[in-house]
Every structure is written in C-alpha cells, then in structure tokens.
Participant: 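I am attaching a structure below and will ask some questions about it afterwards.
Atom set for the values below is all heavy atoms of this structure, side chains included, hydrogens, waters and symmetry mates excluded. Computed from a predicted structure; not experimentally measured.
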Amino acid sequence: MDLESLLPTLLGLAWLLPLASFVIILFAGPRLGDHGKGAAGVATAAIVGSFVLSLVAFVSWVAEHPVRAVAHGDHGEAHASADPAHGATGHAPAEEHGHGETGHAAAPPHSSGDWYTLYEGGRLKLSIGWYIDALTVLMFVMITFIATCIHVYASGYMHDELHDITDHEVHLSDGGHLHRPGRFHRFFQALSLFCFSMLGIVIAGNLAMVFIFWELVGICSWFLIGFYYERKSASNAANKAFIVNRIGDFGMLIGLMALWGALGTLHFADSTGADGHVRQGLFSQVRPPDTGHFQRVPDGLVKFSAADRVAAVLKEHADDPRAGVEKVEAKVEDWRDEGYGRWLLLIAGLGIFCGCVGKSAQFPLFVWLPDAMEGPTPVSALVHSATMVAAGVYLVGRFYPVLTPDALLVIAYVGAITLFISATIALVANDIKRVLAYSTVSQLGYMMLALGVGGWLAGLFHLVTHAFFKSLLFLCSGSVIHACHTNDMRKMGGLAKVMPWTSGTMLVGCLAIIGAGVPFLDIGLSGYYSKDSILAQALLFSRENPSHSILFYAVAGGAMLTAFYMFRLWFMTFAGEPRDHHVHEHAHESPPVMVYPLVALAILAVVSGWTLPGGFGIANMLEQARPAGTGETELGRFLFSGLVVPAEHESHAHDIHVTASLVAFATAATGVLLAAAMYVWRVISPAAVAAAVKPVYTFLANRWYFDEIYRFLFVLPVLGFSRLVSGVDKGLIDRFIEGLAWGAKQVAGFDAWIDRTLIDGLVNGTANATWNAGYELKKVQTGQLRQYVMFIALGTVAIFVLAGLLFRSSIAG
Amino acid sequence: MMVFGVTCACLPSAIPLPPCLGIVPLFGANPFTDPIGLIHYLIVGAVLFTAGVACMALKRNALGILMGIELVLNGANINFVAFSSPYLRAEGTPTLGLDGQVVALFVILLAAAEAAVALAITLNFYNNHATVDVDRADDLKG
Amino acid sequence: MADFLIGLGLPGWIAWSIAALVAAVLLLNVIAGGALVFIWAERKIAARIQDRLGPTRTGGRFGWLQSLADGIKLLAKEDLMPEGADGLLFRLAPYVSFCASFCAFIALPFAFDVVGQRLNVGVFFVVAVLGLEVFGVILAGYASASKWSLFGAMREAAQVVSYEVPLGMCVVVPVMLAGTMDLVTIGEKQAGWMSNWYLFHDPFTFVIFWVYVTCAVASVNRAPFDLAEAESELVAGFHTEYSGLRWSFFFMAEYGSMFLVSALAAVLFLGGWNGPVPVARLLGFSDGTGDTAAYAVRLLGIANLIGKATFGVLLMMWIRWTLPRLRIDQVMTTCLKYCTPIAAAMFAGVMLWQLFLPGGLVPGWGRPAGEIREGWLEGPGGLSGGIRSAADPAAPVDLVKRSPR
Amino acid sequence: MTGMLDMDISFLTHAVGPAMAHLSAPGLPLAALPVAGINWHSVLFLLFAALACGFAVGVVAADNVVRMALYLVFSLGATAGLFFLAGAEFIGAMQLMIYVGGTLVLLVFGVMLTAQAPLVSIKPSASDRTLAAVAGASLLALLLTASLSVDAWLKPGSAVVPAPSATPLGMALVGVRVDDPPSASPAGGRTGYMLPFEIVSVHLLVVLVGAAYLARAKRRRTPRALDAVAAAMPVDVESPVAVGSAPVGRTSGGSKSALVGGGR
C-alpha cells in the first residue's frame, strides 16, 4: 500500500477526529473532569491528532511529488514540473500540447474519489468524497496547526468559564448582573465541530459537499460568536453573521443549481463508475483536456440554454429518436459558436463567488465580521481571521478554472472596493479587535483582487501567510484584553514593558502584515513575499489593461493604510505613556500556556514566506496545485471583450518584480513613519487631524454608515412592510372576520328567536291546548251513573231526531 | 183516549205530556171492542222503556237503577213479542215468527244473569262503602 | 159451561165471564175446605204421634170442628200491625202469598179435562207460580219490621228459591216422558193399570219421585225444612207479627200449596186421576161419550186425585212430626249437594232409558210411553216436514194429535 | 190493589174464552166473536197494559226502595200477562218463572240486605226529577212518533188466537225450525237457535260462578262502617222508617205483638 493511496485515509481520519471529540464532549461534556475541564483536553488531543495526520500526509505528498523551484525569475516558459500524477482513481492526464501557447497542459496531480454515495439517479450523483491535491494538503496542515495553537491558548483563556460567572455586561431587569454556571465544555464542543466542518470544506470532492460544510461552518460561527448569548450585542452579532452568510449562500445556491441543472454533476474531478463509464467532472467539462484545457462553454450549458433548438431538432426526428440525439450532438458546436450558454457559465461563476463574498466578508456583505468580535478572542483568531473567512478565497481558488475572465474582473473590483473601505474604517477604529477585524477584511480584499487579476498563486499564497500572522495578532490582542480587561486602545499604552512577550510577538505580526522586507535582497517576513506577488500581478494586469489600472493604485494605497493603522494600533497599545493607570497596574503578562502559541505563530509568521534553496516553499508547493489551463493568458471574449488576463508567470519578470517590491516598501515605510509621528513622537496630534477633516473622520468613525445604509435599505423596508402587512391584516382581515362573526351572531340570534317563539310556541301551544281541552272535557265525566244514563238517553233521542229530520224521505216510505 | 188515558194517568202529573199524541181518532170509537193491534204493544213497550230510562236516570239507589234496567229490558221484550205474534198484525203480514220469542227468551235469561252479577257488585259496594247511594260511588270521575 | 150459558142466549162475553167466575169459586172452595180438613188432621196426627189425643171436645166426636173454632178465633182477633211496619206491604203480603198458591190451581187437572184452564205449558206454569209465593213471604218478613221476621223471611226465601232448581228438574222427567207439558196429556198418558204410572216406568223415575217429594216438602216450608217458623229461634218466622185474618191467609196459602204440590206429584207420577185399576175403562165407560157417563168417570177421577193429594199431605204431616229440623246449612247442602245432582243423574238416566228401551223392560207389558208425539215429528219429510207450510199461518195448527184410545 | 188477583183472573178469562171455544173447536178465531160484545182480549190487554205502565211509572215515582221493588214485581207480572195475550205463552211462563220468580226475588233480596234505615228511600232532588222527566218525555215522544209513523203497525190485529204450543219454540231452540221450514220460505228457512242456546247455558254458568265469587262472604273489614255512614248521611233522607232493628244496635222498635209463634 503505497503512501499515495494512504492520502484519502489519512486526511479522512484527520478530518473526522474533531467530529469524534465533538460527539464525546456533546454527550459527556459536563462530566469530563470537574466542571467539564477535561473537554479542553479531549478537543486539543483530537486536533493535535489530526495535525499529526496532516503532517504525515504532507510528508507523503512531498515525497511523492518533490517540490522544485518554479521559474520564479525571468524565463517565460513553463516546464512540466509535475511528472505524470496518477491518483488512486485519478486519470492519467494525457499530455499533449494542443493549444497554441505552451499552456500548462498537464492537469495538477490530485486524488479524488467517493467514500459514500448518498444518492445516485441517472446522471445526478450526490456523494461524500474527496479531492486532494497540493493545496488541500497544505490547507490541512495550516488549519490544524493554527487550530492546535488556539486550542492550547483557549484552554488558558477560557478558564473563567470553569466556575459560576457573573456576567457584568448583562443587566437584568432588576438591575443586577446575570449569574450563570460556566460553559467551558460547550466552547470546546463548538470549536471541535468548527474544525471538523472547516476541514470538510477543504477536503470536499464536490460542490454539494462543500455547500453542506459551508453551512455547518456558518452554524459553528453562529455558536461561537453567540457564546455569551445572554449579552444582547453577542446574540445580535451572531444572528447578523449568520443571516449575512445566508444571503451570500443564496447566490451560491443559484450558481450550484445552474451547474447541477446543466452539467448534471458537481464533482470537481472525473470519476469512473463501476461499469467503467467515465463521468466527467466540472474541470474537464469546462476545460476539456483534449483541447489543451482551453476554457470553453461546456456542451451541457450550451444544450441547456439552446433548449428550444434542441426541441425543434428532436421533433424533426420524432420518428427516430436516436438519430435526433446524434443530430443534436452535431449541432452543439455551432450553437456554442453562436454564443449559447455563455451567460449561464458567467452566472454559475459569479453565483459561487457570491457565496464567497458572504463567507469572506467582501464588499457588500462585510458588515458582520467587525460585529463578530463579540465572540471570545480565540474564536476571532481561529474563525474570523484564519480559517472560515479564508474558506471563501479557497473556494474561488478551487473553482478558478470554471471562472471566466469577466467573472475574474468582477472579483477583482469587489476585492479592491472591500480593501479600500475596510482600510479607511480601520484608521479611526479605537477597539483593538475592531481594528484587526477591519484589517482582516482588507487583507481578504487583497486576496480576492489578486485572484481577480489572474494572480492564482499570489492570492492563495497570501491566504496562507495571512492566516499565520493574523491569528498571531488576534491572540496577542486577546492576551492584552485578558490582561487589561478592556478592548479600548485609548485606555491602553505603554504595555510593552509590562507584557514583553505579547508586545514582541505583536510587533512581529505587525511587520509581517505590512510586508516588511528588503526589496533588493528579497528578504523579508512572510507578508513581504505574498503581498509583493500580489502587487506584481496587479501591476502586470494594469499594464495589460490600462483602463483597469485603478486596481494597482488601490493595492498600493491599501498597503500604505495597512501599515499606518497597524502601527497606530501597536504604538497606542504598547508604546508611549499608559493612558489609564488603573488598567496599567492591573496589566500583567499572560500565563505561559497563552504565550507559547504566540511564539509558535510568530516563528511561522516569519518563516512561512521563505523558499528554501532547494525550491521547497509554500509558493512552489501551491504551484503544483495550479489548475490545468490557468497558467496562460486568457482573453475576455464576452462582456469585457478587450480584457487580457495576464499569465501569472509573466509577473515574475524582473522589472515588474522590482518595481512592485519598491512600491511596497515605500508605502509601508510611509505608513509606519506617519503612525510613529502621530502616536510616538506626537508631532501630529490625531485629535487635530480628526478635527481638521471632521466630516471625513465622523464618516469613517461611523463605518461609512454601512450599518445605517443596510438598515435603511433592507431592515426598515422589511419592518415597514411587515408593519404594513400586519396593519392590513389587523385592519382589514381581522375586521372582516370580526364582521363575519358579528353577522353570524346576529343571524344565530334571530334564528334562536324564531326557534323559541315560533316553533316552541307552536309546539307548546298545541300541547297546552290539548291539555286544557282534555281538562275541560274531563268535567263531563262526573262519576254520577245517573247522569251517564241521562246522556245516553238524550243522545239516542238526538240521534233519532236528527236521523228523522235528515232522512225524512226514507222513514216515511 | 182510553188507551192514552191510561198512559196519561200513569205518567205523574208533573210530567207535561207532549201534545203531538193527537192520534186518538186512529183507534176507532171503542177500544174495548176493537181488536188490539201492534201499535198498542209498541206504546206499552215505549212507556216501559221510558219509565226504565227515567228510573235509571232518577234513582240514587243502586237497586233503583237495576230496577230501571229490568224495566228497559222488559220494554224491549214487549216489542219483540209484539212483532213476533201473528195475531197483532193484519192477516198474512210477515212477522218475526219464532225469532222474536226466542230473542225475548234469551233476554229474560240473560237479564237474570245480569241481575245476579249486578246485585253481587251492589252488595260488594254496599259492604265496602256501607251505602248503595250511587252518587257516592263517583270515584271514577274525571 | 160457556156453551151452556151461550145456549141460554146470554151475550158471549157475559157467558164467558160467568163461567170463569164459577170455576174460580169452585177452586177457592177446594182450597178453603182442604185447609179446614188439614188443620184438623194436623192436630190429630201430631197428637197421635206424640201419643196424645188431640182436640176431642170441639164439634162432635173427634173434635172435627176444631179448625172452625180456630177460624172463628182468628176472625175475632184484632189484626195488629207492628209500629215500624210498612203498612202497604204488611197488609199485602198474605194476599200475595195466597194468590200465588191459589193461582197454581188453574192449571191443575182434577180429572180428564176437568181443569181450570188447559194450558199447554201447564207444568211449567204451576212451577212458575209456586215461585211467586216467595214474594209473599219476603214482603211479610220485611214489612213486619222485626229482625227475627226478616231473618225468617230471608231463610225461607233462600230455601224456596234454591229448592226450585231440583223441583224444576224433577218435574222435567215426566214432561220428557209425556213429551208435553200439558198436565192433562201427562195424566192421560198414565191411564190404565197402576204399572202405567210414571212412578213405575223405570227405576230412575221412581228415585226422582222421592227427590220430588223432598223438594216439594222443602219448597212448601214444611217439616224438616221449616226453618222459617223454627220456634226455638225465630218464633214464628215471617208471620210472627201477623194475627187474625192475615195470619189465616198465610195459613191457607201454606196448606193450599201443600195440597197443590201433592196433587202435582199425583198427576206427574201417580197417574193423576187414573186409579190403580182402570175401573172406568173396565166398565166400558169412556170419557168421551155421553154426559152422565163422562161426569161419572170425571167424578171418579176427581176422587182419585184428591185421595192421592190428601195422602201426600198426610205424608208431609207425618214427616213433620217425626223428623228433626235441619240446620240452614244442612238444608242448603241437601238441596245443592244431594237433590240437584240426584235429579240430574236420574234425568239423564230416564233419557238414556227412553233412548235404549222405548218399549219398556218387557215389551208390550206397559203401553209404550213414547208413542204419542206431536204431529210434526212423524209427519211427511221426517223431523222437519210435519208442519203445514207457513204460507197460510192463519190456519190453526192442530199440534196435539189425539192418541188412539 | 189485588194486582196479583187481577192477573190470575185474566188467565181465566183468557183461558175461559179460547179454552171453552177450544173445547168445542180448536182455535176459534176471536174475530168471529160477536162484534157487539166486549172483546175480552182487548179488555184484558188494556188491563194488563194499564197495570204494566202504571206500576212502571210507580217504580219511577216511588222513593221507597221496597215499594219500588213491589211495583216492579207487579209491572213485570202484568208484562207476563201481555206476553200470554200476544200468544207467546211459553215466554210469558218463562217471564213469570225466571224473571219475576228468579231475578226479582234476587232483586228483593238485594233490597232487603241493603235497605237499612237511612238508605231505604233516598229522595232525588227536584232538579233531578225534572231532568229525568224531560229526558223521559222526549224519549217517549220520539218512540211514539217513530212507531206511529209506520202505517203497517197501525192496522188492528187479526185477533186470531190459535191454541198456542211451546213445541215449535222448543224445537227452534234445539235447532229445528218447524214453524218456518226451509222448503217453504223463499230465503231458505230461518236458522235454529242451537248455538245461542248452548252459549247462554255456558254464559249462565260463568255468571253463576262470577256472582258467587263476587258475593262470597268476606270478613267485614269495617264493622262500624254503618255507624259512620249513619252519622254522615245527608239530611235529605225521609223520616226513616224503622225497618226492623237495623244491625245498628238501636233498641228494636220492633214487634210489640205478643203473638207467640203459632202453635204450628
């Protein structure tokens, strides 16, 4: 059993371990140790286990597919670095150079298959399966490592929850604070579930499975944000996050349905059924290997949108359906040229991107992330910096081959907008976690922009590095908060002396995020390398498409802003005089269990960007996973006809590379100096600047009024409409029904009256009449025998007299 | 007039005689010599019957009523016998023949039976109520 | 009698009425004379039975005028009426009683055709009239306003009424034998030798004769059955309050009915006016021929009848002074439990006898009793054809066919 | 007042007339009698009719129960006479024997037993009298007008009195209609009376048993009932005729006669 076939099992196990821990904590949570203390142990053990498994998988993958330097520098041609990969069930990519430029013809080495088939009907197949390539392995290692650090950190951070807590932020109606028992085990229960679902997204073999875990992740973020659900703000934030994500998922569903309906499959890779029938995955349908992975509208989409033509043809051949089908197949090529199916492909791409917008907090749907800071800090660190928000970028990266150039441009612009907005808001934010949240949003904007401008490697590389230093920053802020018991930076200051480890690691984080490095020697922290590649790709793109050069300037400006607010944060927190003495005395260095993860992450934040002399580095490993056919320059032929999506390797050209790093260095330096001037040397007083650009300051302070806008655009109309509807309901329908009821009552009343007077009257009347008559007649019976005789006599006389009178004639005769 | 004289005499003067009985001429001058016809018997029968009914209607004594019944029955018997005897009719007119007499016979027999039972009842009534005053026996009134 | 008078030129209806009067007076004397003789006889027999002499001084050797003396005494006595008595009824009672017994003599044949009125329903008439005597008794008892007399009357009435039933049954037997209720016919049927008397017709009739005697004694309130006058308890019974002439009427009524009952027995069972030996027939007289012979035969018949009747009366007197008095329940028992059943049985016996032995035990010994039947039985057409067609109902229906002598 | 006596005489005349004629010739038609002479049949009829009606009215008029009983006896006796005059001799005898001799005796018994002092004569009120009179008069009027209105009945009778015989009646009772043989009458003769005769006999038996049972001697439940009644009797009772010493226990106003029961 060679290592290759072990991959799915290894990663499968790594994926399921957190689920096991979740189930254990769910059922035996409170009983694990006193007050559930053991839950942390179980969860940490599980995540460490899956981290080890991921490392084993990583080593086996590297052994299988040695990572060699990719033409990092100038030479333009790509050389097939991947020797023929044969996945356990993968198919040997036929290597042939079809298409014009030397596209990277060979499909990336990957392994895919299904563990369990939920449903198989006709072409449709729903199954739990995997799609493992270099990216998956790397993501597994990254996620499990960070999760481990956070589990360790959290077991220290959350010890308050071990015993009864009086929650000061919850004000009961009687004025007191909420007293509640601790919920230590529940935190780790939700955390384990989250890790399980995050790993599920990464390992998923088809979009349906991705969607399932997509939702699961949403639920876990809801649990974790709403951990202190008694606090009004926490529960609102949780709901807000979940709802906004759901809005994004709405778009994603549309995309899914488009793909599912037209192509009939959601699997990424091809799979051979039991009967040997090869079922084409999404990638091979959109970029058929036989045409050199050149992106075209797949047959399914064409036939789907040209349904009327298909019907016409079939009708013609009603008598011979088989002939009809062949005719249709023949006609597909013509229909594709006529442009059938292009819109559908675009919609599918953008649909899936909507999901990512929601999940990764891009431009319209980023409002939930800053509020998500209500959750405990470890949550913010893991979920809302490294993993969940990265899922969106990962999905765009995974789904990259299907995205058309037009879609990519849209993605780029969305990224740019997000980048700019969140950076500006971060400038004026005073809550330490809010600043970090906005920085996360802007960094995600960077990644989206990178992917949008064709920088597949740049975007994903920045994803990985950002994960490390952003989680580091969050954990540092967590320990600061833990020490100062407040989030407000204005109360902090001069904590460096009190918390050396935290301030040091935080400084490393800050340097990493601003991309500190020596331009020419090409030496710097991880941020430098990833941010630099993004800048390069953006520069190349703006050169290729001058009309879209705004994207490059956005990136540059963003970099400068990032540098400024990061160091503003650092200086306000650690440098200068302590603003609040009370906080200052109270501050103390965090316990070791919290500091060790910080150090670990700091190391990684520095190291992750480097590429070892043998070519082993994250960048090169990612290159192995580049989807087939995406290495070349693509030309937009649909909406934006003049669009050119430059191949990424061109961005490695020396001139672009150098200019990009110079620009990066300059912007970073200016940002830092500006921050120092304002907060360390106090040359410029931030208050004065704020006063000077008062309207802009308040505009930014209110977070671009996005919350108000959304409230105004969506919440109020809905509330208004619902109030209208309830009004209508109350006023109209209720009134109508009450009217009906009243009418019925009146009718019933009248009916009852009739019944009483008329019918009862009649009946009783006759009864009484009969009784009275009987009573009167009774008197005739006097009991006197003599009178009876008298009556008899008189009776006979009367009868005879009558007879005599009446029948006079007959008697006389 | 003699015949009716008799009937008039019999009726207590208190009872006003209906004037309609002006049928005297029908009977010829001397009833003594003329043969008796059916009508005479009918009249006697009627008188007896009426006396019977009057007695039943008048007497408060149970036995008086029984006597009234006897009179009524006899009135009927006279009519039966009268209609059955060939001598009271003109020659050859069809009569009841023996039937009348047989019926009269049965009436007499059954009257005996009836009287027996009636007296038994009366005696019982007397023993229970110590009186035969019929008016007192009005328990069965309405 | 009437023809004789008509012959004298009297108008028909006067003749009829005179004849009727004569007959009535004759019968009245029979009763009165009888009463006298029997009163005296009673006194003498009672004395003789009680071993004493009886009246001897009044009127001659054997005190035969004693009854005359009694009569004069009674006439002289004041007719009292008790204070609470019901005047009308009190006075009327004796006469009702006397009329009843006297009325019965109408139908009694003393000799062939010597009878007050030959009634077709003679026997029935006599029994009916006997029934009327009860009224007299009841009225007397009731009218004399005394508890004892009322009791006496009640007892006597009950006794007479109840004994009427067996009496009627006994009487029916000779009627059945004779086939008719006409006493004269019955008498005729027993003409001839003594053996022809119904008494000896068959054993049943013999037994029924004695039942008849018992009932007769009871219905006349004599001897063992004379509860009404039981001295020890009810003084003189219903006629306690009576005195004088009224009492004598009661007395005459009693003796009259005794004589009547005995005479009836004689006619029905002992051949009436036919002596034990058919002397007239033997001497060649036939009652239908000349007047004087008819008279002689009739006189013999009358003598025969009166002799038998007297014997009956004397028998009763004899019984009276020998048998003790019965209690009222014993009286009733003998009536209902003995007389009636025996009478019924004998009646059935006689009927069967007639059916099986019409000619009598020894054919030809006696004249067959059943040969005389009304005409309609043997007439043409069997049972039903005898009667002349009803077409002319006026034609007299001669229902009685003279039997060949 | 010798009603009974008259009755007897009637038989004599009745018997004398036809009987004498009978002696000479069977069934002398009365019509043949000399017209000038008194028609005894009519005379007797008038006598008996007068007696019957008179005593019938007497019964109605009398208040004293005993008197009523007596008048009834005489009235029914007269009726028996009428039957004899109408030629129904057997019926007349039966009337005398059963009706007068039996039923009325029974009735008189009833009178005797119940006619204690207070109950003897209960005078009906004047209103009752008038009411009865009215009813009687109207009934009488009705009957008379009805009977007079039929001409056939008005014709005088043929007054032929054949020697009546009870045999046809006896035969009829046994079921053989000798008087109206089937061959003669158009309607095929009249039926005999066998069945009714038997039924009546059974009926009489049943009545006998019933009456005996009804009148069985029961222990007197209310010994002193009479006193209570006596006390409570309505006032309108005529001065009570001290009829014998009623078992009321009052000192008997009874016989003062010293007549000792006759030596008989």
Participant: Hey, could you give me the CZ/CE distance between D:Phe90 and D:Met97, rounded to the nearest 0.5 Å?
Facilitator: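 It comes to 9.0 Å.
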
Participant: Can you tell me which portion of D:Leu173 sits under 4.5 Å from chain B's heavy atoms? Options are side chain, backbone, both or neither.
Facilitator: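 Looking at D:Leu173, just its side chain touches chain B.
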
Participant: Which residue out of B:Asn74, B:Val44, B:Ile78, B:Leu66 racks up the most heavy-atom pairs below 4.5 Å with chain D?
Facilitator: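 Result: the option with the highest number of such pairs is B:Asn74.
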
Participant: What option among D:Leu169, D:Leu104, D:Leu142 has the most heavy-atom pairs under 4.5 Å with chain B?
Facilitator: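 The candidate making the most pairs under 4.5 Å is D:Leu169.
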
Participant: Tell me, side chain or backbone of B:Asn79 under 4.5 Å from chain D's heavy atoms, or both, or neither?
Facilitator: neither

Participant: Can you tell which part of B:Val53 gets under 4.5 Å to a heavy atom of chain D, answering side chain, backbone, both or neither?
Facilitator: side chain

Participant: With respect to chain D, which residue among B:Leu123, B:Ile121, B:Thr122, B:Asn77 yields the maximal number of heavy-atom pairs within a distance under 4.5 Å?
Facilitator: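 When all of B:Leu123, B:Ile121, B:Thr122, B:Asn77 are compared, B:Asn77 has the most.
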
Participant: If I measure from the heavy atoms of chain B, does D:Ser75 come under 4.5 Å with its side chain, its backbone, both, or neither?
Facilitator: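 Only the side chain of D:Ser75 comes within 4.5 Å of chain B.
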
Participant: Could you look at D:Phe197 and say if it's the side chain, the backbone, both or neither that has a heavy atom under 4.5 Å from chain B?
Facilitator: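 Both parts, backbone and side chain.
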
Participant: When heavy-atom pairs shorter than 4.5 Å are enumerated against chain D, which of B:Val107, B:Leu71, B:Leu48, B:Asp99 gives the highest number?
Facilitator: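 The answer is B:Asp99.
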
Participant: Find the one option among B:Leu42, B:Val117, B:Leu105 whose heavy-atom pairs under 4.5 Å with chain D are most numerous.
Facilitator: B:Leu105

Participant: On the 0 to 90° scale, with breaks at 30° and 60°, tag the D:Phe45-B:His40 ring pair as parallel, tilted or perpendicular.
Facilitator: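 D:Phe45 and B:His40: perpendicular rings.
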
Participant: Counting only heavy atoms closer than 4.5 Å, note whether B:Ile108 contacts chain D via side chain, backbone, both or neither.
Facilitator: both

Participant: Please flag which part of B:Ala82 lies under 4.5 Å from any non-hydrogen atom of chain D: side chain, backbone, both or neither.
Facilitator: neither

Participant: Out of D:Ser138, D:Ala212, D:Ala172, D:Pro196, return the one with the most heavy atom pairs under 4.5 angstrom to chain B.
Facilitator: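 Of the candidates given, the most pairs with chain B belong to D:Pro196.
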
Participant: Please look at B:Leu119 and chain D and tell me whether the side chain, the backbone, both or neither of the residue comes under 4.5 angstrom of a heavy atom of that chain.
Facilitator: side chain

Participant: Between B:Leu110 and chain D, which part of the residue has a heavy atom less than 4.5 Å away: side chain, backbone, both or neither?
Facilitator: side chain

Participant: Pick one of side chain, backbone, both or neither for B:Leu98, based on which atoms fall under 4.5 Å of a heavy atom in chain D.
Facilitator: both

Participant: Sub-3.5 Å donor-acceptor pair from the side chain of D:Arg216 to the main-chain atoms of D:Tyr213, do we have one?
Facilitator: yes

Participant: Taking every non-hydrogen pair under 4.5 Å, which of B:Ala115, B:Ala57, B:Ala113 racks up the most with chain D?
Facilitator: B:Ala113

Participant: Fit a plane to each ring of B:Phe106 and D:Tyr193, take the angle between them on a 0 to 90° scale, and name the class: parallel (under 30°), tilted (30 to 60°) or perpendicular (over 60°).
Facilitator: perpendicular

Participant: Give the member of D:Gly102, D:Ala135, D:Ser147 that has the highest number of heavy-atom pairs under 4.5 Å with chain B.
Facilitator: D:Ser147

Participant: Going from CG on D:Leu72 to SG on B:Cys55, what distance comes out if it is rounded to the nearest 0.5 angstrom?
Facilitator: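 Taking CG in D:Leu72 and SG in B:Cys55, the distance rounds to 8.0 Å.
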
Participant: Among D:Leu131, D:Thr79, D:Leu82, which has the most heavy-atom pairs under 4.5 Å with chain B?
Facilitator: D:Leu82

Participant: Need one label for B:Tyr41: side chain, backbone, both or neither, based on atoms under 4.5 Å from any heavy atom in chain D.
Facilitator: both

Participant: For the atom pair CD (B:Gln101) and CZ (D:Phe83), what is the distance rounded to the nearest 0.5 Å?
Facilitator: 10.0 Å

